[in-house]
Amino acid sequence: MEAISEARRHIDNAKDFLSNNAKKQDGLYQDRKYVKIAGHTAYTGVLLALNELLGEKNKRTPKSAEWYQYELSRIDKTLLSNFTGVYEILHIDMGYQGIRSADTASLGLKKAEKIIDWVETRLEKKNQ
């Protein structure tokens, strides 16, 4: 499951950007540039895992967040909820707006890890 390993590597890289470069002080990150990089990196990791889960459905063209939400709504509502949170926190709040809240970033990364863990479990069951 190379895609899962790669997804986890993206999450680890995002955490490194935050801890080593974003300069956390009093619960806020001081450098939005690295918050944005971390958000985009972590979100990409989630998409790598989901693309592995969704397989052939995702081969033709890049998909929108709405496409992922539709596909996930047909699989698992909790997964859909986590994805919606990840999209809002990692992609929008961190990736575009550079939100400075360390608590918010931490929540987004936890949701991302939950998605990757869920996908890994589902793929393992599928391959047995």
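Keep in mind that this is a model prediction, so the values were computed, not measured.
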Applying the 4.5 Å side-chain criterion to the ILVMFWY set and letting contacts propagate, would [X] and [Y] be lumped into a single cluster?
X	Y	answer
Leu28	Ile37	no
Tyr70	Leu50	no
Phe17	Val46	no
Ile92	Ile11	yes

Would you name the heavy atoms of [X] and [Y] that are closest together and state the gap between them?
X	Y	value
Ala65	Phe83	O-CE2, 3.8 Å
Arg32	Gly98	NH1-O, 3.0 Å
Leu53	Leu79	CD2-CD2, 4.4 Å
Leu18	Ala105	CD1-CB, 4.1 Å
Ala22	Val35	CB-CG2, 4.2 Å

Do NZ/NE/NH1/NH2 and the carboxylate oxygens of Arg8 and Glu113 come within less than 4.0 Å? no

Under 4.5 Å between any side-chain heavy atoms of [X] and [Y], yes or no?
X	Y	answer
Lys77	Leu72	no
Lys33	Lys36	no
Leu123	Val119	yes
Gln69	Leu80	yes
His91	His40	yes
Asp31	Asn21	no

What is the distance from atom [atom1] of [X] to atom [atom2] of [Y], rounded to the nearest 0.5 Å?
X	Y	atom1	atom2	value
Ile89	Met94	CD1	CE	9.0 Å
Ser106	Lys24	OG	NZ	7.5 Å
Leu48	Ile116	CG	CD1	8.5 Å
Asp12	Thr41	CG	OG1	11.5 Å
Leu90	Leu109	CG	CG	5.5 Å
Arg100	Asp26	CZ	CG	10.0 Å

Could you give me the CA-CA distance, side-chain angles and deciding distance for Tyr34 and Tyr29, then say whether ring pair (Phe, Tyr, Trp, His ring centres under 6.0 Å) is met? CA-CA 9 Å; Tyr34 292 104; Tyr29 291 112; over 10 Å; no

I'd like to know whether Arg9 forms a side-chain contact (heavy atoms from CB on, under 4.5 Å) with Glu6, so could you lay out the CA-CA distance, the side-chain angles of the two residues, the decisive distance to 0.1 Å, and finally the verdict. CA-CA 5 Å; Arg9 189 172 74 86; Glu6 187 67 14; 2.7 Å; yes

Tyr68/Asn51 under side-chain contact (heavy atoms from CB on, under 4.5 Å): CA gap, chis, key distance, verdict: CA-CA 9 Å; Tyr68 285 100; Asn51 289 344; 2.6 Å; yes

Would you confirm whether the ring centroid of His10 sits within less than 6.0 angstrom of the ring centroid of Tyr43?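 No.
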
